Participant: 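Here it is: the structure, laid out below.
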Amino acid sequence: MLEALAYFLLGFQLLILIYFTAVNGIYTLFILISLYHLYRHIILVRREKLELMLSNILYRPISILVPAYNEEETIVPSVKSLLRLHYPEFEVVVISDGSTDKTVEKLKEAFRLVRIEKPVRKVLDHKPIRDIYVSLDHPNLIVVDKENGGKADALNCGINVCSYPLFCCIDADSILEEEALLRASRLFVEDRRVIATGGVVRALNGCVVRHGRVVEIKAPKKWVEVFQVIEYVRGFLTGRTAWNLFNSLLIISGAFGIFRKDAAIAVGGYRHTVGEDMDLVVRMHKHFGERGIPYRIVFMPDPICWTQVPSDLSSLLRQRNRWHRGLIDSLLYSKEMFFNPKFGWVGLFGYPYFVFVEALGPFVEFLGYLGVVLFYLFGMLSRDFALLFFLVAFGWGVLISWGSILLDNLLFRRYGSLRDILKLILFSVFEIFGYRQLIVMERFVATFQFWKRVWGKPKRKKIEETHAQSPAR
Amino acid sequence: MEGFGGDLGEILQRISFVGPEELKAFLWKVILFLGAVDLFLALTTVVHRIYVDRRDRLYKRAYDRYSDQVVNAVIGEGSIDPPKGDIEKEALGDVCLEILKKFKGAFTEKVRQIAQEMGVVDYYLRKTRSFIVHDRVVAYEKLAYLKVRDIKEKLKEELEKEEREWVMERLIFSYALLAEDFRDVEFLFMSLERMKYVSFKFVEFLWFDLLDTFSEKGRLEEFLEFVWEKFSERPFFLRAFVEALGNKRMPSLGGFVLRVYGRYREDTAMRISCVRALGLMGFEGACEVILENLIHPDWRVRAVACRFAFLCPWERVGEALVERLKDESYHVRINAGRTILYFKDRAREVFEKLLSSEDRFAQDTARYFLQELEVRNA
C-alpha cells in the first residue's frame, strides 16, 4: 500500500514537473522566436515616416464594425477616433445591440444621424433590425439599431449591413491608432491567402487620451491594471508572434481583428458563444483546412489597438472566467482538429497546445497548488525541495515576463519613461505572488462552467476621463 | 526527501531516478542560471532604455537647433554648425527634407546645397551601400528628395535586379522623384508592370510627383501629349493620371480630362475619376459633364456628380439636384443636399418645402440643413 502511494506521489511530482518544464520551455522558446521575427518585421517599418507609408499605400476598402451594448459613456469619442483614421476608403458601422441606455441618442446628436431604408441581405442570421441611420456629416458612418441578441448576433448583423470586402471588428471602448488599418490591411493585398489578421491590443488605462487619440502612453496606477499590462505585453508580443510561424494562430482578439468577409460568411459568421472572437478563428482554420484551401491567419505586431482593461478585481475575474469558458467551448466545438494531421501544424501543434496548456493548464496548476497544501498537511512536504522548486518557478516566470518587456522595449518603446519600465519590471516580480494564483483559480472554476452563456459585462469608464485620472506629468 | 514520513521517504528514495543531493545540486545550478539571465534581462532593458532616451534627446536637440539654423542660413542670416556624428547628420538631413517636402521655390536649391556641404549627402550615399536593405531604401528616398541625381544610375540598376515588391515599390517612388525625361517615365511604368500587384493610389502619387517635375520644367503640355500617346490604351494608369490631375487643382488641365472622358465614356470607374477631377480643379466647362452624370444609372457616378454640381448655375442644375434628393441611394441624396446648401436662398426654399414631405429621410435631412443654413447665415 505504502509502495503504491510512493509510486503515486512520484508520478504526481513527475507530471507537475514535466508540465511545468514544457509550458515554461515553450514560452521561453516563443520569446526567442518572437525576437527574431519581430526584429525582421520592425526593421522594415522602423523610423518610417508616415507620409512615406501613405505614399506606398496598399489597401482594400474596409468596414469597421463596432458592436455596442449600453456604451453611452464611450461610444461618441470612440466613433470620432475611428472616423479620423488614416485610410483611403472605409465605413464605420455601429451596431447598437438593443441598448437600453442613450447609446443611439448620443450618436444621433453627435453625428446628425438620419434614418434610412437600406435594404439588407440577410446572409447571416441575427435578431431583427429596428432602424438604420446614416450620418449627414460622415456618409461613411452607419448606425444600426437592432434588438438585443448578444455580441455575436450584433457582429453578424454588421457583416450583413456592411458593404466592403474586408471588415474589422473593434470594441466600442477601444481606440485604434491612426495608421493601424493601413498597416494591417497591407497583408490582404500582399498575400491573397490571408483571410484574417489581428494586431496588438494594449491596455489603455493610465494613458492620456485627447480627442479620441492616445497622446501619452503611461503605465497605469492601480495594481490590477499594471498586472494586466504585463500580461498583454507577454501574451501578444511573444505568444501570438510565435504562433504566426506555424500558421496556428487560434485567437484574434475581439478588440481588434480584420477578416475577409467572404471567409467569415463561408464559416457561417459568428456563433452565439461567449468567446465568439476565438471561435470564429478556430472555425476558419477548420473550414479551410478541411477543404484544403490555402489560407493564412496572421498576427501583425505593429497595428495597435488600445482597450480599457478591467480596473477592479471582480470585473477582471468575470472577464477571465468568460474568456476561459469561451476557450473551452470553441475548442470543443471544433474538436475534430485535435491531433488531426489533415489540419497541418494547427491540428498537430496549435490546437493540442491550446487544449493542454490553455484549457487544462489551470486544472494542472491547481492540482500542483493543492498537492503542496496536502503534502504539507500530511507532513509529506520536503521544505528544501519545495523552496528550491519555488525558486526555479519564480526565476523562470520572471525570465518570461522580463524577456517580453525587454522585447517590447527593444522593438516598440511604447512606454515613455524609464519609471514606467521599472514599474513593469517590479510588478512582474509581484505578479507571481497571489495575482497569478487568483487568475488560475478563476479559470479553474470556469472549467466547470463552460456551458454557461452569461457575458458578465465589465464596468466601462468614459474614455475622456482617462485623461482626467492621469494628468500629464 | 527528509520531509516525508520515514518508510515512505525510504521507498521514494529507492524508486527515484536521481538521489536527493544530486537533484538539489542540479536545482541550484538552474536557479543560478535563471538568476543570471533575469539580471541580464533587467539590466539590458534599463541600459537600453537609457541609451535610446539619450540618443533621442541628442537627435531632438540637434533637430531643433538645425530647424532654426537652416531657416536662418537660407535667408542669409546665419551659419550652420557642422554636424558631429551620425545622429546630427540624420537630424540635419531630416530638417532639410521637411523643408523640401513642404516648400517649393528658389530657396530649395539653397537647402540642397546645405545638405551637400554639411556632409549629409555623403552620409546617405554611404548608407546606400549598407547591407541592410531597409537602410538602403531609406537612403535612396532621402537622396531622391534632395534631388541627388548622381544616384539615378545606381538606383536604376538596383531596381532592375530587385524582385521584392515592397523594395521595388519604394525604389520606384524614389526614382519618380528623380525623373527628368520621358524615358525615365517609361522606365518607371515598365518597372511597375513587373509587380504582381500595384496600388492605384500609389500610381496616382507617382503621377502627381511627375506632374510637379514636368510643370517645374515648363514641359507640362508636352508631358500631357506623351501621356496620351503612351497611356491612352492603358486605362488603369490613365485613370490614376486623371485623379492626379484633379488633385493638382489646375483648371487649365480640364481639356485633357475631357479628352479622356470622351474616349472612355463606357467605363464607369473612369467616368467617376473624370467627374471628380473636373470638380476638384473647378473646371468651368465641367457643367455639361456634371449634368449628364446626375442621371447616370450607377449611384457612385451620380453621387460624385451631385458633389460637384455647384460648378453649374442654379438655373441649370437646380431641378436635377432637387430630383436627386429622392434618389434611391442615400449617398446621392446627402451629396445633393449638401450641394444645394451652396445656393443659400434657393436652398432655404427647397428645404422648407421638404419639411412637409412624406419621405421621412427628406424631412430629417431638410431639418438638419435648415439648421446649418441658420448657422452659416449667422
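Both backbone and side-chain heavy atoms feed into the values below; hydrogens, waters and symmetry mates do not. The model shown is predicted, which means the values in this text are computed figures rather than measured ones.
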Participant: Considering only heavy atoms from C-beta outward, does the side chain of Leu27(B) approach that of Phe385(A) to under 4.5 Å?
Facilitator: yes
Participant: Ion pair present between Lys24(B) and Asp384(A), side-chain N to carboxylate O less than 4.0 angstrom?
Facilitator: yes
Participant: Considering only heavy atoms, which portion of Arg49(B) lies under 4.5 Å from any heavy atom of chain A: side chain, backbone, both, or neither?
Facilitator: both
Participant: Can you name the one residue among Leu399(A), Leu407(A), Ile31(A) that meets side-chain contact (heavy atoms from CB on, under 4.5 Å) with Leu41(B)?
Facilitator: Leu399(A)
Participant: Please round to the nearest 0.5 Å and tell me the distance separating atom CD of Glu328(B) and atom NZ of Lys118(A).
Facilitator: 12.0 Å
Participant: Mind listing the closest non-hydrogen atom pair of Leu34(B) and Trp396(A) along with its distance?
Facilitator: CD1-N, 3.7 Å
Participant: Do Thr45(B) and Trp402(A) make a side-chain contact, defined as non-hydrogen atoms from C-beta onward lying under 4.5 Å apart?
Facilitator: no
Participant: Name the option with the most non-hydrogen atom pairs under 4.5 Å to chain A; the candidates are Val52(B), Leu206(B), Asp209(B).
Facilitator: Val52(B)
Participant: When you look at CZ of Phe390(A), are more than 12 heavy atoms from neighbouring residues, nucleotides or ligands closer to it than 6.0 Å?
Facilitator: yes
Participant: Would you call Ile334(B) and Val114(A) a side-chain contact if the rule is heavy atoms closer than 4.5 Å?
Facilitator: no
Participant: State, to 0.1 Å, how close Phe361(B) and Val134(A) come at their nearest heavy-atom pair, and which atoms those are.
Facilitator: CE1-CG1, 4.1 Å
Participant: Quick check on Phe12(A): does its CZ atom have over 12 non-hydrogen neighbours (other residues, nucleotides or ligands) under 6.0 Å away?
Facilitator: yes
Participant: Is it the backbone or the side chain of Tyr368(B) that comes under 4.5 Å from a heavy atom of chain A, or both, or neither?
Facilitator: both
Participant: With only heavy atoms counted, which part of Leu406(A) is less than 4.5 Å from chain B, the side chain, the backbone, both or neither?
Facilitator: both
Participant: Counting heavy atoms not belonging to Glu109(A), are there more than 12 under 6.0 Å from its CD?
Facilitator: no
Participant: CZ of Arg54(B): more than 12 outside heavy atoms within 6.0 angstrom?
Facilitator: no
Participant: Measuring heavy-atom distances to chain A, does Val46(B) have an atom under 4.5 Å in its side chain, in its backbone, in both, or in neither?
Facilitator: both
Participant: Measure across Arg338(B) and Asp137(A) and return the closest heavy-atom pair with its distance rounded to 0.1 Å.
Facilitator: NH1-CA, 3.8 Å
Participant: I'd like to know if Arg112(A) and Glu372(B) make a salt bridge, using a cut-off of under 4.0 Å between side-chain N and carboxylate O.
Facilitator: yes
Participant: Return the CH2 to CG distance between Trp28(B) and Leu391(A), rounded to the nearest 0.5 Å.
Facilitator: 6.0 Å
Participant: Could you tell me which portion of Thr28(A) (side chain, backbone, both or neither) has an atom closer than 4.5 angstrom to a non-hydrogen atom of chain B?
Facilitator: neither
Participant: Does CD in Glu117(A) sit with more than 12 non-hydrogen atoms of other residues, nucleotides or ligands closer than 6.0 Å?
Facilitator: no
Participant: By a 4.5 Å heavy-atom criterion (distance strictly below it), what part of Val398(A) contacts chain B: side chain, backbone, both, or neither?
Facilitator: both
Participant: Sorted by first residue and then second, give each salt bridge (Lys or Arg N to Asp or Glu O under 4.0 Å) pair with at least one member in residues 27-47 of chain B; sequence neighbours left out.
Facilitator: none
Participant: Counting only heavy atoms not in Phe33(B), do more than 12 sit closer than 6.0 Å to its CZ atom?
Facilitator: no
